[in-house]
Asker: 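Mind looking over this structure? Questions follow.
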Protein chains: 2
Amino acid sequence: MAGRRVTINDVASLAGVSIATASKALNGRQDVRASTRERVLAAAAELSFQPNALARGLLSGQTRTVGLLTSDSVGRFGIPVLLGAEDAFGAGEMAVMLCDARGDAIREQHHLRALLSRRVDGIIVVGESTNPRPSVSKDLPVPVVYAYGPSDDPEDVSFVPDDVGGAAMAVEHLLALGRRRIAHVTGPRHYKAARDRAEGLRIALEAAGCEQAGETLWGSWSQRWGRHAAEMLLMAEPGVDAVFCGSDQVAAGFVEAARERGRSVPGDLAVIGYDNWEVLSTETRPALTTVDMNLELLGRTAAQHLFAAIDGRATPGVHRMPCHLVIRDSTAAA
Amino acid sequence: MAGRRVTINDVASLAGVSIATASKALNGRQDVRASTRERVLAAAAELSFQPNALARGLLSGQTRTVGLLTSDSVGRFGIPVLLGAEDAFGAGEMAVMLCDARGDAIREQHHLRALLSRRVDGIIVVGESTNPRPSVSKDLPVPVVYAYGPSDDPEDVSFVPDDVGGAAMAVEHLLALGRRRIAHVTGPRHYKAARDRAEGLRIALEAAGCEQAGETLWGSWSQRWGRHAAEMLLMAEPGVDAVFCGSDQVAAGFVEAARERGRSVPGDLAVIGYDNWEVLSTETRPALTTVDMNLELLGRTAAQHLFAAIDGRATPGVHRMPCHLVIRDSTAAA
DNA sequence: CCCGAGAACTAAAAGGTTTTCGGAAACGTA
DNA sequence: TACGTTTCCGAAAACCTTTTAGTTCTCGGG
């Protein structure tokens with residue numbers, strides 16, 4: 001804590017020039033003599049002058065600040081997206097205002113107003129799931145892009161992981177290993193992520209002319225459900241040689257229960273997870289082969305497109321970002 | 001996206017008053033006739049006027065914005081602190097600017113300058129561990145409080161979890177259950193958290209006139225290490241009847257390996273973790289008794305004290321926030 | 001009808017910066 | 001010397017809001 005804030009006026013006085021000249025010198029403008037510029041720069045350094053971003057923003061109408069609105073408590077999936085965005089912005093001297101609406105629409109409106117009154121240049125809305133969410137962009141004076149959870153308005157700009165493609169990739173991996181009796185254990189049906197991943201499985205199996213082993217088992221995103229499903233499945237479909245799980249939590253539970261039932265993974269049973277949540281996927285035994293949604297890249301891309309939109313080059317529509325497969329020890333040839 | 005921004009001038013014109021009157025009406029000041037106020041409010045609503053926070057901040061010198069500087073990628077521990085802070089601020093119409101320095105001192109300085117140039121009213125620095133970190137507060141024009149990771153300058157305001165107390169609480173619980181041969185498996189020695197928790201253990205044992213079973217096993221914060229330590233410990237100290245683990249990850253690995261070695265938890269062996277990281281502590285079998293550091297409360301408290309410091313009522317020193325014990329199934333009477 | 005008091009309103013300044021435009025100085029050319 | 005051209009610098013406006021210090025209006029009492 002220290003004294004009064006130093007303004008460009010102080011710098012100008014110390015350098016013995018007008019504030020106009022000081023401004024030009026500090027901003028690298030042309031029409032100022034080299035020696036003068038040096039004097040100003042020296043004065044600024046001596047006073048450790050920091051231009052007032054408020055004044056600058058008031059004048060230019062640009063705050064170089066964006067709002068990051070998360071709909072649910074910055075969760076599992078929000079974090080990497082946020083990090084990626086922060087990364088992209090950080091590079092360009094942008095600042096990020098973080099607002100967490102806690103899943104409450106009222107609070108969301110409130111935060112939205114707060115962001116607008118602070119004159120952010122743009123807003124990223126980070127969803128808690130890949131289910132489409134109500135658009136906030138109607139009649140907003142700034143561009144908005146949606147990350148992870150898309151807007152329900154197709155005119156908006158949204159970035160989501162390509163879960164269908166990611167799931168297909170996982171299943172193709174299993175098929176390439178010679179697995180043919182593939183089962184699917186996943187989360188609740190009301191999650192679009194769960195439905196999309198089941199759809200990717202269906203597509204990959206159909207392309208290979210292969211039947212799914214048993215019905216898809218819908219449950220919750222928990223380890224407990226994975227264990228439970230393993231018990232049911234190993235009983236009902238003893239011939240299964242591979243399981244595609246809708247999340248790493250489910251997969252972790254599944255391999256644990258399978259091991260306890262004496263099934264070797266990946267020998268008897270290849271298992272694939274989803275999310276690449278490292279605390280789980282690398283700590284199970286064996287470590288999980290899993291699908292990584294590249295969430296940080298997704299966040300970074302969303303941020304870059306927000307930049308573009310701020311510059312008036314918007315790219316409407318839902319953009320699906322490719323996933324990639326992380327191969328560990330839970331899958332191997334039959 | 002829509003047209004030009006509406007200013008108080010537009011509102012005043014529409015209401016047929018001067019901007020001074022409009023301002024007073026909007027801010028609930030006294031000397032304006034009720035009917036006039038109504039007209040202004042109606043006009044503001046019709047134009048959906050949002051006061052420009054930049055202009056307001058420029059004038060008042062208060063931006064109602066705080067900076068949140070995290071030293072490491074908003075991690076495991078940063079999140080809850082951040083959430084708590086955001087919560088406390090949200091209530092008071094404050095906005096939060098999030099900066100992630102990625103553990104890089106240069107980047108930290110950069111973010112710090114950015115925050116100051118944006119004229120934040122205060123800054124919270126969130127550490128990645130409880131190890132003291134270099135102070136950033138020297139000669140800053142705004143107050144700073146440190147959360148989770150304390151500043152190395154005792155003049156600064158820091159809030160940290162009371163790990164010594166938390167560990168003692170855990171061990172007292174084990175003692176109350178009649179356990180007497182208590183071992184300790186924890187993370188790397190260069191973590192103050194690990195050292196503090198070992199110290200809490202020592203104090204509690206000493207107070208009970210009890211000896212620790214074996215030496216403290218220092219390792220890493222991983223499940224893998226927990227499993228490994230379990231194998232070593234059960235071999236070397238077969239008489240152990242309780243284990244205090246330095247983190248839930250270690251504890252999760254420990255109980256898993258113990259189960260596999262045929263030791264029943266909590267029957268043969270009571271196990272306590274630390275952190276209450278729910279994805280682990282509730283999903284292990286049995287679910288883990290563990291110490292919760294109340295990180296959200298810690299964040300909220302730090303935020304409230306930042307408010308106080310902004311109002312000139314600072315409270316220097318390192319404040320230790322109490323932890324609490326979450327009792328689940330991994331502990332029971334001997 | 002005038003006066004005075006109080007209520008209601010407005011003009012103007014302030015906050016810090018950038019930008020535009022006009023002016024001054026320096027210099028070269030006729 | 002007179003004039004034109006560059007080069008460099010400074011005054012002032014603009015951004016939007018709040019606040020201060022007036023100014024006008026209203027109305028009751030004399």
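The structure displayed is predicted, hence computed values, not measured ones. Every chain is numbered from 1, with letters handed out A, B, ... down the list of sequences.
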Asker: Is there side-chain contact between B/V125 and B/V144, with heavy atoms separated by less than 4.5 Å?
Answerer: yes
Asker: Whole Å only: how far is the CD atom of B/Q62 from the P atom of D/dT19?
Answerer: 12 Å
Asker: Provide, to the nearest angstrom, the distance between the CG atom belonging to A/L58 and the P atom belonging to D/dC15.
Answerer: 9 Å
Asker: Atom CG of B/L59 and atom P of C/dA14: how far apart are they, to the nearest Å?
Answerer: 11 Å
Asker: Among residues 41-49 of chain B, which ones have heavy-atom contacts with DNA chain D below 4.0 Å?
Answerer: B/F49
Asker: Using only side-chain N and O atoms of B/R119, determine if any of them is under 4.0 Å from OP1 or OP2 of C/dG15.
Answerer: no
Asker: Can you tell whether the side chains of B/R102 and B/D104 come within less than 4.0 Å, N to carboxylate O?
Answerer: no
Asker: For each nucleotide in nucleotides 4-11 of chain C, reading 5' to 3', give B when a protein heavy atom comes within less than 4.0 Å of its base, S when such contact involves only the sugar-phosphate, and - otherwise.
Answerer: ----SBBB
Asker: Counting the atoms with a prime plus P, OP1 and OP2 as sugar-phosphate, which does B/T7 contact under 4.0 Å by heavy atoms, base, sugar-phosphate, or nothing?
Answerer: sugar-phosphate
Asker: At what distance, to the nearest 0.5 angstrom, does CD of B/Q304 lie from CZ of B/F89?
Answerer: 9.5 Å
Asker: Between A/N52 and C/dG15, is there a contact of a side-chain N or O with OP1 or OP2 at under 4.0 Å?
Answerer: no
Asker: Are any of the side-chain heavy atoms of A/D10 and A/F49 separated by less than 4.5 Å?
Answerer: no
Asker: Taking 4.0 Å as the cut-off, does a side-chain nitrogen or oxygen of B/N27 come that near to OP1 or OP2 on D/dT18?
Answerer: yes
Asker: With side chain to side chain contact (heavy atoms under 4.5 Å, CB included) as the test, pick out the partner of A/C99 among A/L115, A/I123, A/L68, A/T70.
Answerer: A/L115
Asker: In whole angstrom, give the distance that lies between atom CG of A/N9 and atom C1' of D/dA12.
Answerer: 14 Å
Asker: Tell me, with the steps shown, if A/D153 and A/S135 meet side chain to side chain donor-acceptor pair (under 3.5 Å).
Answerer: CA-CA 6 Å; A/D153 181 344; A/S135 173; 4.6 Å; no
Asker: Out of A/T65, A/D121, A/L306, which one pairs with A/M94 under the side chain to side chain contact (heavy atoms under 4.5 Å, CB included) rule?
Answerer: A/D121
Asker: Answer yes when A/K192 and A/D163 have at least one side-chain N-carboxylate O distance shorter than 4.0 Å, and no when they do not.
Answerer: no
Asker: Answer yes or no: does a side-chain N or O of B/S60 lie under 4.0 Å from OP1 or OP2 of D/dT18?
Answerer: no
Asker: Do B/R64 and A/R118 come close enough that some side-chain heavy atom pair is under 4.5 Å?
Answerer: yes
Asker: Can you tell me the distance, in whole Å, between the CZ atom of B/R118 and the C1' atom of C/dT17?
Answerer: 15 Å
Asker: Starting at CD1 of A/I8 and ending at C1' of C/dT19, how long is that distance when rounded to a whole Å?
Answerer: 12 Å
Asker: Please determine whether a side-chain nitrogen or oxygen atom of A/R5 lies at a distance below 4.0 Å from atom OP1 or OP2 of C/dG16.
Answerer: no
